[in-house]
Amino acid sequence: MPELPEVETVRSGLANAIVGRTIRNTSIFHHRAINPKSEFDFAILEGQKVISVGRRGKFLWIRTQGSLNLVAHLGMSGQFLIQPKRKTDEVHLRARISFTKGTDELRFIDQRTFGWLAISGDGPEVPLMASHIARDLFDPEFNTKLVVESILLKKSEIKRVLLDQKVLSGIGNIYADESLWRARIHPQTAANSLTRRQLSNLLRQATAVMSEALAVGGTSFDELYVNVNGQSGYFDRTLAVYGREGEPCDRCGTPIIRISFANRSSHLCPKCQIWPAISAGGTIFENR
DNA sequence: TTCTGCTCCTGAGGGC
DNA sequence: TGCCCTCAGGAGCAGA
């Protein structure tokens with residue numbers, strides 16, 4: 001599942017492959033590949049020269065000379081691949097962008113169709129369609145103190161807050177679990193019950209774990225994430241809790257457990273990450 | 001205004 | 001072998 005390190009790996013690969021090239025043609029093969037909020041028709045990209053590839057959190061965009069942005073979200077299974085034109089189409093090919101020169105093309109592939117593309121005009125800092133999300137931890141202007149204060153206003157479980165892209169962007173289920181394990185915080189702890197020191201440490205751990213993942217090309221937990229050249233990342237080999245249910249915790253040896261959380265899974269060490277005496281919402285649980 | 005739960009979607013895997 | 005069910009989860013929306 002692409003989160004910030006994976007999207008940054010894709011952004012970097014795209015920048016190397018398509019900046020400076022002129023778009024010849026665009027083709028869309030599935031209606032769900034286009035976000036209904038797209039401000040323009042895709043044909044408007046034809047003849048536009050790519051000048052940069054940007055990213056905030058899990059959103060990325062291809063900016064053209066005419067101040068247009070092809071904004072993309074990879075969802076759960078979206079992939080951008082640079083492929084030879086002669087290569088057979090992938091089963092889940094959703095869109096194709098060809099260029100005026102070169103023997104390759106850009107393909108958007110998405111098995112589960114949660115990803116999307118859209119054309120958006122420029123906003124003050126980022127394209128309008130990505131302007132509603134908060135800065136991510138890799139943003140040079142990310143302000144830890146401000147984010148800590150905003151988290152302290154939340155009564156929800158800390159994991160839900162970490163996944164809220166309007167609080168801070170880029171963190172998904174895998175890195176939320178890994179960050180909470182490193183910070184020794186139970187995912188169901190009420191956000192406003194944590195101290196400023198704990199929250200600062202949590203953000204530091206989240207930055208560290210995602211930096212380490214980025215250095216090895218991201219996490220390829222299954223075949224749903226590859227970079228633009230079709231290669232997998234290697235961070236799944238060093239995950240501490242995600243996908244390790246029943247295996248011993250690297251710190252204390254206690255078996256990792258998986259709990260159901262907001263329609264998805266949370267992985268944690270029940271010894272290192274103490275069950276909160278009072279969880280979010282005020283329900284009382286016992287330590288276990 | 002804030003919080004919570006549901007929905008969208010597809011393919012893999014397990015059970016019968 | 002084939003059918004059915006469950007699971008995976010990002011983001012937006014509706015309802016409380």
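Chain identifiers are assigned alphabetically (A, B, ...) following the order of the sequence lines, protein sequences preceding nucleic acid strands; residue numbering begins at 1 within each chain.
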Using atom OH of A/Tyr242 as one end and atom C1' of C/dG9 as the other, report the distance to the nearest whole Å. 8 Å
Rounded to whole angstroms, how far apart are CD1 on A/Ile158 and C1' on B/dC3? 15 Å
Which angle, to the nearest 10 degrees, lies between the helix axes at the two ends of the helix from B/dT2-C/dA16 to B/dC16-C/dG2, each defined by five pairs? 50°
Can you tell which of C/dA8, B/dC3, C/dG12 lies closest to the side chain of A/Lys154? B/dC3
A/Lys166 has an atom NZ; how far is it from atom C1' of B/dT4, in whole Å? 14 Å
A/Gln165 has a side chain; which of B/dT4, C/dG9, C/dA11 sits nearest to it? C/dA11
Is A/Arg184 close to A/Arg251 at the side-chain level, that is, under 4.5 Å between some pair of heavy atoms? yes
Atom CG of A/Asp164 and atom C1' of B/dG5 are separated, to the nearest Å, by 15 Å
Does A/Asp139 form a side-chain contact (heavy atoms from CB on, under 4.5 Å) with A/Arg56? I'd like the steps, not just the answer. CA-CA 8 Å; A/Asp139 190 317; A/Arg56 172 174 282 186; 3.9 Å; yes
Would you mind checking if A/Lys85 and A/Glu105 are paired as a salt bridge, meaning a charged N to carboxylate O distance below 4.0 Å? no
Hey, are A/Asp177 and A/Lys159 close enough for a salt bridge, meaning a charged N less than 4.0 Å from a carboxylate O? yes
Output one line per pair: protein atom, nucleotide atom from nucleotides 13-16 of chain C, and distance, for all N/O pairs under 3.5 Å.
from, atom 1, to, atom 2, distance (Å)
C/dC13, OP1, A/Lys37, NZ, 3.3

By side chain to side chain contact (heavy atoms under 4.5 Å, CB included), which residues pair with A/Ser179, not counting sequence neighbours? A/Leu202, A/Ala206, A/Val209
Basic-acidic side-chain contact under 4.0 Å: A/Glu212, A/Arg182: yes
Give a yes/no on whether any side-chain N or O of A/Ser77 is located under 4.0 angstrom from OP1 or OP2 of C/dG9. no
Nearest 0.5 Å, please: how far is CE in A/Met129 from CG in A/Leu70? 11.0 Å
Protein N or O to nucleotides 10-13 of chain B N or O, pairs below 3.5 Å:
from, atom 1, to, atom 2, distance (Å)
B/dG11, OP1, A/His92, NE2, 2.6

Length of the CD-P vector between A/Glu6 and C/dG10, whole Å: 11 Å
Classify the ring geometry of A/Trp116 against A/Phe59: parallel below 30°, tilted from 30° to 60°, perpendicular beyond 60°. perpendicular
Rounding to a whole Å, what distance do you find between A/Glu3:CD and C/dA11:P? 9 Å
Using the side-chain heavy atoms of A/Phe114, tell me which of these nucleotides is nearest: C/dA11, C/dG9, C/dC7. C/dG9
Straight-line distance of A/Ile97 CD1 to A/Ile62 CD1, nearest 0.5 Å: 5.5 Å
In whole Å, I'd like the distance from the NE2 atom of A/His267 to the C1' atom of C/dA8. 10 Å
Distance check: side-chain N/O of A/Arg160 vs OP1/OP2 of C/dA11, anything under 4.0 Å? no
Side chain of A/Asn173, heavy atoms from C-beta onward: which of C/dG9, C/dA11, C/dG12 has the nearest atom to it? C/dG9
Nearest whole angstrom, please: distance from the P of C/dG9 to the CG of A/Leu162. 15 Å
Does a nitrogen or oxygen in the side chain of A/His132 sit under 4.0 Å from OP1 or OP2 of C/dG12? yes
Of the nucleotides C/dA11, B/dC3, C/dG10, which has the atom closest to the A/Met76 side chain? C/dG10
Test of understanding: with side chain to side chain contact (heavy atoms under 4.5 Å, CB included), list the residues that count as partners of A/Arg32, not counting sequence neighbours. A/His30, A/Thr113, A/Phe114
Checking one residue: A/Ile256. Which other hydrophobic residues are in its cluster under the side-chain 4.5 Å linking rule? A/Trp181, A/Val241
Rounded distance [0.5 Å steps], OG in A/Ser120 versus CZ in A/Arg63: 9.5 Å
